[in-house]
There are 2 protein chains.
Amino acid sequence: MDKKRRPLRLVKKRQTAEHCTSRGYCLLSALDPGHAELLNAIIRTRGPFRAGDRIYRHGEPFDTLYSVQTGSLKTEMATREGRAQVSGFYFAGELLGTDAIGARTYPSDAVVLEQTWLCAIPARQFLDLCAGNPALQEQLLGRMGDRIRADEYGWMLNRNERAEQRLMIFLHDLYQRRVVRTGRRTTVVELTMRKEDIANYLGLTPESLSRTLRKLQEAGIIDSRLRAIELLDLDALSAADET
Amino acid sequence: MDKKRRPLRLVKKRQTAEHCTSRGYCLLSALDPGHAELLNAIIRTRGPFRAGDRIYRHGEPFDTLYSVQTGSLKTEMATREGRAQVSGFYFAGELLGTDAIGARTYPSDAVVLEQTWLCAIPARQFLDLCAGNPALQEQLLGRMGDRIRADEYGWMLNRNERAEQRLMIFLHDLYQRRVVRTGRRTTVVELTMRKEDIANYLGLTPESLSRTLRKLQEAGIIDSRLRAIELLDLDALSAADET
DNA sequence: CGGTTCGTTGAATGATCTCAAGTACTGTGG
DNA sequence: CCACAGTACTTGAGATCATTCAACGAACCG
C-alpha cells in the first residue's frame, strides 16, 4: 500500500506570513501585530513535497504542527493487522498534527497527495505562546473543539448511515471545505486522493465505492469522472448532510 | 471502538484539600495551591441527579464543563430523522462537555443514567484561568488531544471491525476504565446504561447486540446477565483491543 | 396483579464484502 | 508517438453479516 518512499525534501525557504494573512482561516488572523510577529518568528515554510512523501510517521516524537499552505495530505493509522486506515484529509489552510497534542508521539502518518507546501510550527514554542495569549489559545481550542465535534459527527454518521448517504455527506463536506478555503463555489470537486483512499476513509471496499458512485451518477446527483466529481444536485447532497 | 473515553484514565484520584475532596479532583492536580484555590472558588457541586435527568441539551448555550463525581451519564446527538444517537458514556472522574469547547452551544444532550453527582465548572472562567496558567492549559489540551485520538481510533475500529469485535473492544474498555477509576480488577462489569444504549452506541440494532452477546457467551468469553456482564476471558477481550 | 418497557429469538430481506475478471489510465522506454 | 507493464478502477455473481419484521418472555412499577 505504501509504494514509494521518497526521502523528505526539506527545502528551507524563509518566508513571511504572506501566505496566511490573506485568508481568514488562519491562526495568525486572531493576533495583534505584536504577537503575530512572535509567531512569525518561529514558523518555517517547508516544501515542495511530492505525492507519497511522508511528513511524519506514527511513533515519531511529536514536536511540530503543520499548517497546509497549498496542496493536500491524508493521515493514516495502522490497524493491528498492519493494514493502513485513512483517518482524514487535509487541504490548504487546515491544521495538521492536532491529534498529537498532549501525546509524545504522532498517532498517525501524514502522507502528501500532490505537490504541497507546508508551514512548520514548533509545537513547544507554539503552545507556550498560546498560554500567554488568550486570543491565540481560543483559536487553538476552537480548532480542537471543531475537530472533536467533526469526528464525533462523522463517527455517528458512519454508524448509522448507508454507503450512499455517507458518500453524499463526504462529497458535500469536500465541497464545503473548499468554499471555506477559497470562497469559490465551483461544483467540480478535484480528487487529489485516490479512490482507494476515499473508500478506505468511508469504511467501504473500493468495489462498493465504485458501485455507490455509479448509483449516485444514475440518480443524476453527481457526474463521476476519474480525478474529479461534478456535483450536479447540491440540494440533494446538502440534504444528506443536515443535522 | 471504545477507547473513546479512555483518555480520561489519566485522571488522578487525588483528594487534597477538603474543597476538592471529591470534586474536580483531576484538573486540580496540575495546579499550585494558589491557582487551585482560584479554581476551587469557581466550581460548584451539583446533585443528586436521577436517571433520565438531562444536564444540558444540544443547542443550549455552552457555559459549563462538568466533572463527574459519582454516577454515570451518556451523551446523545439527534440524527436528522430525529432519532437519538448515543455518542459516549461518562463515569466518575471523567470530564463532560469538552466537545462544546470552541462552540457557542452544546452539540449533544447529556443524560444521567443513575444517581449522579457532578461538579460544575464555569467554562469562561475556567478557560481564562487556563490562559494564564501553562500547566493547567497543558492539562486541558492534553485531554482534548486524548479525546481526538480516542475518537479517531474508535472511528477507525467502527469502520473496520465486525459486531463481535466491536463489542469485545467495548467491554474491554469498560473494564479498563473501571480499573483506572477504582483500582479494582473485578471481572464483573455493571451496566448502568440500557442494552439499547449500548447497541445504539455500537451502531447495532438491539437485536444484533443480543445475538452477538449470545455468541460471545457460547464461546465462553463472557457471561451475559441482565444488568451486568462477567468477563470470563480477559485475554480474548484485550486481544481484540490491541493496536 | 396488570400494563409497559426492555430484552430475546426466529425467519426473511437487504446491504456490503469477497472473489474473480475485465477495462482504463499512467508512466516508461523505445 | 506508440507499445508495454503496472496500477487503479470498474463490473459481475455468490457468500456473509446485519437489519427488519414479528412474536414472545422477563423485569419493573404502579
Side-chain angles (χ1 to χ4, degrees), chain A residues 1-6 50-52 74 79 81 83-86 111 113-115 157-168 170 190-219 222-229 240, chain B residues 1 50-52 74 79 81 83-86 111 113-115 157-168 170 189-219 222-229 240:
Chain A
M1 80 217 154
D2 170 32
K3 36 351 326 269
K4 38 210 156 177
R5 301 206 162 168
R6 301 198 193 89
R50 287 184 307 167
K74 66 176 174 182
T79 65
E81 301 94 11
R83 288 190 321 242
Q85 170 66 50
V86 176
V111 184
L113 295 173
E114 60 181 325
Q115 172 153 311
L157 292 175
N158 239 328
R159 279 178 296 188
N160 288 328
E161 310 294 352
R162 310 242 151 279
E164 200 175 313
Q165 200 77 1
R166 276 185 272 170
L167 178 54
M168 288 172 72
F170 173 74
E190 310 283 341
L191 303 179
T192 57
M193 69 293 287
R194 294 175 308 173
K195 291 236 168 81
E196 193 184 338
D197 290 329
I198 298 177
N200 189 309
Y201 177 71
L202 292 175
L204 299 171
T205 58
E207 296 95 318
S208 290
L209 174 63
S210 186
R211 285 185 251 271
T212 310
L213 280 169
R214 185 155 50 99
K215 250 200 255 176
L216 290 185
Q217 174 131 348
E218 282 163 1
I222 63 171
D223 182 16
S224 172
R225 310 203 197 92
L226 199 63
R227 296 236 126 39
I229 292 177
Chain B
M1 94 244 48
R50 287 184 308 166
K74 65 177 174 183
T79 66
E81 300 94 11
R83 288 189 322 241
Q85 170 66 47
V86 176
V111 183
L113 295 173
E114 61 181 326
Q115 172 154 309
L157 291 176
N158 228 334
R159 278 178 294 189
N160 287 329
E161 311 294 351
R162 309 243 153 280
E164 198 175 315
Q165 199 77 0
R166 277 185 272 172
L167 177 54
M168 289 171 73
F170 174 74
V189 173
E190 310 284 340
L191 303 177
T192 58
M193 69 295 285
R194 296 173 308 174
K195 291 237 169 81
E196 194 185 336
D197 290 330
I198 298 177
N200 189 310
Y201 178 70
L202 292 175
L204 299 171
T205 58
E207 296 95 320
S208 290
L209 174 63
S210 185
R211 282 185 252 272
T212 310
L213 280 170
R214 184 155 50 99
K215 249 199 256 176
L216 289 185
Q217 174 130 348
E218 283 163 1
I222 62 170
D223 180 18
S224 173
R225 311 207 247 296
L226 201 64
R227 295 236 128 41
I229 293 177

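Chain naming here is simple, since letters A, B, ... match the order of the sequence lines and numbering starts at 1 in each.
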Which atom pairs, donor and acceptor, lie under 3.5 Å between side-chain atoms of residues 199-210 of chain A and protein residues at least two apart or in another chain?
from	atom 1	to	atom 2	distance (Å)
A:Asn200	OD1	A:Gln85	NE2	3.0
A:Asn200	OD1	A:Val86	N	2.9
A:Asn200	ND2	A:Ala84	O	3.0
A:Thr205	OG1	A:Ser208	N	3.2
A:Thr205	OG1	A:Ser208	OG	3.1

In whole Å, I'd like the distance from the [atom1] atom of [X] to the [atom2] atom of [N].
X: A:Asn200; N: C:dC17; atom1: CG; atom2: P; answer: 11 Å
X: A:Leu191; N: D:dA8; atom1: CG; atom2: P; answer: 15 Å
X: A:Lys195; N: D:dT11; atom1: NZ; atom2: P; answer: 10 Å
X: A:Arg225; N: D:dT10; atom1: CZ; atom2: P; answer: 14 Å
X: A:Glu196; N: C:dC17; atom1: CD; atom2: C1'; answer: 16 Å
X: A:Arg214; N: C:dT23; atom1: CZ; atom2: P; answer: 15 Å
X: A:Leu167; N: D:dC9; atom1: CG; atom2: C1'; answer: 15 Å
X: A:Leu216; N: D:dT10; atom1: CG; atom2: P; answer: 13 Å

Of the candidate nucleotides C:dG7, D:dC9, D:dG12, which contains the atom at the shortest distance from the side chain of A:Arg194? D:dC9
Partner set under side-chain contact (heavy atoms from CB on, under 4.5 Å) for A:Ala228, not counting sequence neighbours: A:Val188, A:Glu190, A:Arg225
Just do the side chain to side chain contact (heavy atoms under 4.5 Å, CB included) check on A:Leu191 and A:Met193 with the steps written out, would you? CA-CA 5 Å; A:Leu191 303 179; A:Met193 69 293 287; 4.2 Å; yes
About how many Å separate [atom2] of [Y] and [atom1] of [X], when rounded to the nearest 0.5 Å?
X: A:Ile198; Y: A:Leu213; atom1: CD1; atom2: CG; value: 7.5 Å
X: A:Ile222; Y: A:Leu167; atom1: CD1; atom2: CG; value: 6.0 Å
X: A:Arg227; Y: A:Arg194; atom1: CZ; atom2: CZ; value: 9.5 Å

Any B:Ile229 side-chain heavy atom under 4.5 Å of B:Leu216 side chain: no
So, using side chain to side chain donor-acceptor pair (under 3.5 Å) as the criterion, who are the partners of A:Thr192 when residues are at least two apart? A:Ser72
Taking salt bridge (charged side-chain N to carboxylate O under 4.0 Å, His left out) as the test, write out the residues that go with A:Glu164, two or more places apart. A:Lys215
Have a look at the helix from C:dG7-D:dC24 to C:dG30-D:dC1 and give the angle its two end axes make, five pairs each, rounded to 10 degrees. 40°
Produce a footprint string for nucleotides 16-27 of chain D: one letter per nucleotide, 5' end first; B if the base is under 4.0 Å from any protein heavy atom, S if only the sugar-phosphate is, - if neither. -SSBBB-----S
